[in-house]
Asker: 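Input: one structure, supplied below.
A note on names: the letters A, B, ... follow the listed sequences, proteins ahead of strands, and every chain is numbered from 1.
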Protein chains: 2
Amino acid sequence: MPVNLKQLAELLGLSQTTVSRALNGYPEVNAKTRQRVLKAVRETGYRPNRAAQRLATGKAYSIGLVMPIASGIGSDIHFGEFLAGLAEEAVKHDFHFVLNPSAPEDEEATFRRLAASGNVDALFLAHMRSNDPRIAILKSLSIPFVVHGRSIGGPKDYPFLDIDNTGAFYDATRLLIQLGHRRIALINGQEHLAFAIRRKKGVTRALKEWDLELDETLVHHSVMTDEYGYRSMQRFLKQPDPPTAVLCSSTALALGAVRAINQAGLTVGTDISIIAHDDVLPMLKPENFSVPLTTTRSSLRAAGARVASRLIGGILDRGAYPDQELWRAELIVRASTGPASAKKINSRKRV
Amino acid sequence: MPVNLKQLAELLGLSQTTVSRALNGYPEVNAKTRQRVLKAVRETGYRPNRAAQRLATGKAYSIGLVMPIASGIGSDIHFGEFLAGLAEEAVKHDFHFVLNPSAPEDEEATFRRLAASGNVDALFLAHMRSNDPRIAILKSLSIPFVVHGRSIGGPKDYPFLDIDNTGAFYDATRLLIQLGHRRIALINGQEHLAFAIRRKKGVTRALKEWDLELDETLVHHSVMTDEYGYRSMQRFLKQPDPPTAVLCSSTALALGAVRAINQAGLTVGTDISIIAHDDVLPMLKPENFSVPLTTTRSSLRAAGARVASRLIGGILDRGAYPDQELWRAELIVRASTGPASAKKINSRKRV
DNA sequence: CATTCCTCCCAAAGCGCTTTGGATACCCTG
DNA sequence: CAGGGTATCCAAAGCGCTTTGGGAGGAATG
């Protein structure tokens with residue numbers, strides 16, 4: 001038997017209007033009265049009825065999530081982690097989700113349906129590609145949205161939260177170069193994804209500053225699972241002139257890469273250096289690697305929470321959030337990076 | 001400018017009452033009238049306002065999801081797949097989700113809060129353990145729920161959807177035994193999870209029928225990732241008397257196991273047989289393995305959809321669903337199973 | 001023919017909140 | 001002391017649906 005606004009108002013000897021206004025921060029209510037109201041709320045445990053608020057305000061108090069069910073995305077470990085961040089924040093504000101599993105070819109229709117339904121106040125978007133067409137669609141539907149990541153090319157006037165992928169991989173590459181590495185490999189995410197393109201750009205840029213060039217045979221793109229990390233590294237090591245250092249776009253990839261390295265009889269950090277991007281997945285901590293991993297770190301869950309904050313803030317029009325945010329990833333040096341070994345790697349394999 | 005009930009009623013020259021009843025399947029409305037109403041709905045594209053329905057009925061039209069954020073569960077690939085099934089069905093009925101990320105120790109509090117909030121009509125529960133305490137909690141909160149999986153021990157009178165894990169692994173083991181295998185290994189999910197316990201039981205039972213015993217050194221429990229499959233298999237192969245067949249609790253585990261097998265210079269299907277449980281993950285199809293995988297198959301996404309159906313059906317009290325369902329997994333024989341090789345496996349390694 | 005019983009429909013009262021459009025009292029100006 | 005602000009509060013009208021409590025009309029019953 002939760003108490004409702006009417007009862008609360010009676011209890012206080014006030015009108016519903018005043019109580020409502022006190023709670024929603026309107027100015028035309030005496031400070032003392034507001035305190036009384038707040039106190040009564042605490043004592044009675046009053047919680048406004050969301051259904052009634054929805055009806056009265058026309059807001060849905062929920063955010064739409066188009067869940068990609070394409071191969072290797074929806075079931076991706078990163079998705080769950082980001083979602084946890086989103087949900088963590090949403091639950092604080094009593095926001096709901098409308099989860100829409102959707103194949104890539106149906107996405108546009110899904111957006112339209114969702115926008116027209118009035119069931120969501122805002123949408124969230126991820127897995128940006130270059131010239132991603134979804135941004136234009138969402139704009140034309142004039143429904144608020146926040147993108148996680150950034151497209152490449154096309155208009156830039158849309159709200160997003162991204163990390164500085166170029167910068168992160170530039171920094172990482174720079175570190176490797178300073179340690180004397182010249183043959184640097186990259187095990188990256190899928191080629192069409194914006195973050196992967198930017199990370200590669202970061203590597204290229206750093207190399208160019210030292211008059212080095214990125215060897216395309218030392219770049220692999222794939223779904224970011226441990227298995228592909230293993231395969232890629234294995235193939236790199238088989239090359240006539242294998243890399244002395246490798247950058248991985250995720251700790252999962254790094255896990256596989258490390259295994260391939262060990263299996264080749266090499267040691268991470270001395271024979272070959274490795275830096276991974278760390279999304280701070282609870283199940284895959286870089287400090288727990290047999291050789292603790294040097295990483296560029298940025299919490300995916302924190303990003304999820306922040307996106308949720310911005311979406312919710314926008315809906316409640318509380319507080320002014322920046323429209324575009326670019327988070328800088330931290331470069332954290334651990335034991336997996338060391339000076340380029342003089343020893344020729346392939347010679348080892350012939351033992 | 002969506003049309004609402006009032007306008008629709010005016011358009012039809014009927015009262016809101018009658019239109020509402022026509023739409024909600026009440027008997028006291030003439031069949032012809034109902035047809036007229038339905039036709040008008042189609043033409044106008046009328047969709048009842050969910051917020052208003054919520055308020056009027058007191059139902060939330062949404063289901064609560066306690067998302068485990070414990071290590072290796074929330075970010076599990078299987079979670080995403082199940083969730084996609086849930087959402088797929090929910091979206092058809094315009095149901096929302098309340099996602100609650102929660103650490104295991106906070107789960108009880110989360111349940112209470114959720115039940116008291118009135119924000120959800122029903123809850124969904126998964127990752128059953130033996131004597132899982134959460135069932136009793138949910139019962140005491142008297143909120144409808146459906147469990148995916150089943151506890152082991154404790155009262156059995158709660159609604160669930162499970163697959164016959166014991167049966168599936170019994171069948172699989174039987175097949176292996178019939179093919180002449182005697183040393184059979186099991187790479188299983190985490191030890192405390194009910195499905196893993198049951199699968200092991202299935203193996204044990206089948207072996208016992210042939211007067212064989214499950215060698216505990218041939219059983220590994222772990223998070224079901226490709227990496228652990230690899231590690232487990234590697235260790236099995238190093239044993240003095242390695243298995244000639246192995247059962248994997250997921251295709252991800254099998255992926256790793258296959259790699260270990262190949263790496264040892266052995267061939268799947270001839271030197272060593274392998275059967276995996278297949279949750280039908282779009283990114284990991286058993287038929288696409290280098291040697292197509294024999295599996296026990298049961299779609300996780302279908303299970304998600306079914307659980308959603310039952311939850312939603314229960315809320316709308318439409319249709320009678322069985323309270324407890326046990327799905328039988330299909331045993332699908334492909335090329336990864338063959339007669340036990342006469343060749344001693346370890347001898348190969350010494351070449 | 002009077003009565004009862006269906007069948008089919010309607011008016012109106014909520015559900016619990018927000019918001020509009022005043023009121024009232026008090027304080028300042030000039 | 002009249003006129004104009006200002007600060008603070010309230011009554012009531014929705015939001016769009018469901019549901020209660022009839023009520024009219026015709027068929028069936030006695």
Side-chain angles (χ1 to χ4, degrees), chain A residues 1-38 40-41 44-62 93-94 117-119 121 315-318, chain B residues 1-38 40-41 44-62 93-95 116-119 121 315-318:
Chain A
M1 36 244 55
V3 30
N4 63 22
L5 185 63
K6 191 175 171 187
Q7 296 164 338
L8 189 65
E10 263 166 25
L11 188 77
L12 285 161
L14 289 169
S15 72
Q16 295 189 39
T17 311
T18 305
V19 178
S20 171
R21 288 193 159 142
L23 291 177
N24 295 319
Y26 283 76
E28 57 267 76
V29 44
N30 189 293
K32 239 170 226 158
T33 311
R34 195 188 302 273
Q35 289 314 314
R36 274 182 60 215
V37 171
L38 260 31
V41 167
T44 58
Y46 168 75
R47 309 241 63 204
N49 179 309
R50 256 293 140 88
Q53 286 183 314
R54 271 188 251 261
L55 186 56
T57 59
K59 285 176 187 164
Y61 296 98
S62 51
H93 301 275
D94 191 13
S117 76
N119 274 331
D121 303 305
I315 294 163
L316 303 176
D317 29 62
R318 290 224 188 95
Chain B
M1 36 246 60
V3 24
N4 63 20
L5 185 63
K6 191 175 172 186
Q7 296 164 338
L8 189 65
E10 263 167 24
L11 188 75
L12 284 161
L14 289 169
S15 73
Q16 294 191 39
T17 311
T18 304
V19 178
S20 172
R21 288 195 159 142
L23 291 177
N24 294 319
Y26 283 76
E28 58 266 74
V29 43
N30 188 291
K32 236 167 229 159
T33 311
R34 194 189 302 275
Q35 289 315 314
R36 273 183 60 215
V37 171
L38 260 32
V41 166
T44 57
Y46 169 75
R47 309 242 64 205
N49 179 309
R50 255 293 139 92
Q53 287 183 313
R54 271 187 250 262
L55 185 56
T57 61
K59 285 175 186 163
Y61 295 97
S62 52
H93 301 274
D94 192 12
F95 265 65
S117 74
N119 274 330
D121 303 304
I315 293 164
L316 303 176
D317 29 62
R318 287 220 191 101

Asker: With respect to the side chain of A/Arg21, which nucleotide from D/dG16, C/dC10, C/dG21 is positioned closest?
Answerer: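 Selected nucleotide: C/dG21.
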Asker: Of the listed nucleotides (C/dT18, D/dT18, C/dA11), which one gets closest to any side-chain atom of B/Ser15?
Answerer: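 Closest of the options to the side chain of B/Ser15: C/dA11.
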Asker: Where the side chain of A/Thr33 is concerned, which of C/dC17, D/dC17, D/dT8 is the nearest nucleotide?
Answerer: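 Selected nucleotide: D/dT8.
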Asker: Closest heavy-atom contact between B/Ala51 and A/Arg54?
Answerer: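 Nearest heavy atoms, B/Ala51 then A/Arg54: CB-CB, 3.6 Å.
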Asker: Starting from the 5' end of DNA chain D, give me the residue, B/Leu55 or B/Tyr26, whose nearest nucleotide shows up first.
Answerer: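 The residue whose closest nucleotide sits nearer the 5' end is B/Leu55.
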Asker: Ignoring hydrogens and angles, tell me if any N or O in the side chain of A/Asn30 forms a donor-acceptor pair with the backbone of A/Lys32 under 3.5 Å.
Answerer: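 Answer holds: yes.
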Asker: If you go through the side-chain atoms of A/Thr17, does one of them form a donor-acceptor pair with the base of C/dT19 closer than 3.5 Å?
Answerer: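 Looking at the base of C/dT19, it does pair with a donor or acceptor on the side chain of A/Thr17 (distance under 3.5 Å).
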Asker: Please check if the side chain of A/Arg21 supplies one atom and the backbone of A/Val29 the other of a donor-acceptor pair under 3.5 Å.
Answerer: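 No; judged by distance alone, with no hydrogens or angles, the pair does not exist.
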Asker: If you pin A/Gln16 and A/Ala31 to their nearest nucleotides in DNA chain D, which one's is more 5'?
Answerer: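 It is A/Ala31 whose nearest nucleotide is closer to the 5' end.
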Asker: Select from A/Ser20 and B/Ala56 the residue whose nearest nucleotide in DNA chain C is closer to the 5' end of that strand.
Answerer: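 Checking each residue's closest nucleotide, the 5'-ward one belongs to B/Ala56.
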Asker: If the cut-off is 4.0 Å, is B/Asn4 near the phosphate of D/dG16, judged by side-chain N/O to OP1 or OP2?
Answerer: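 Yes, because at least one side-chain N or O of B/Asn4 sits under 4.0 Å from OP1 or OP2 of D/dG16.
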Asker: Any side-chain N or O of A/Thr57 less than 4.0 Å from the OP1 or OP2 oxygen of D/dC15?
Answerer: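 No.
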Asker: Regarding B/Gln53, tell me which of base, sugar-phosphate or nothing describes its non-hydrogen contacts under 4.0 Å with the strands shown.
Answerer: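 B/Gln53: backbone/sugar contact only, no base atoms under 4.0 Å.
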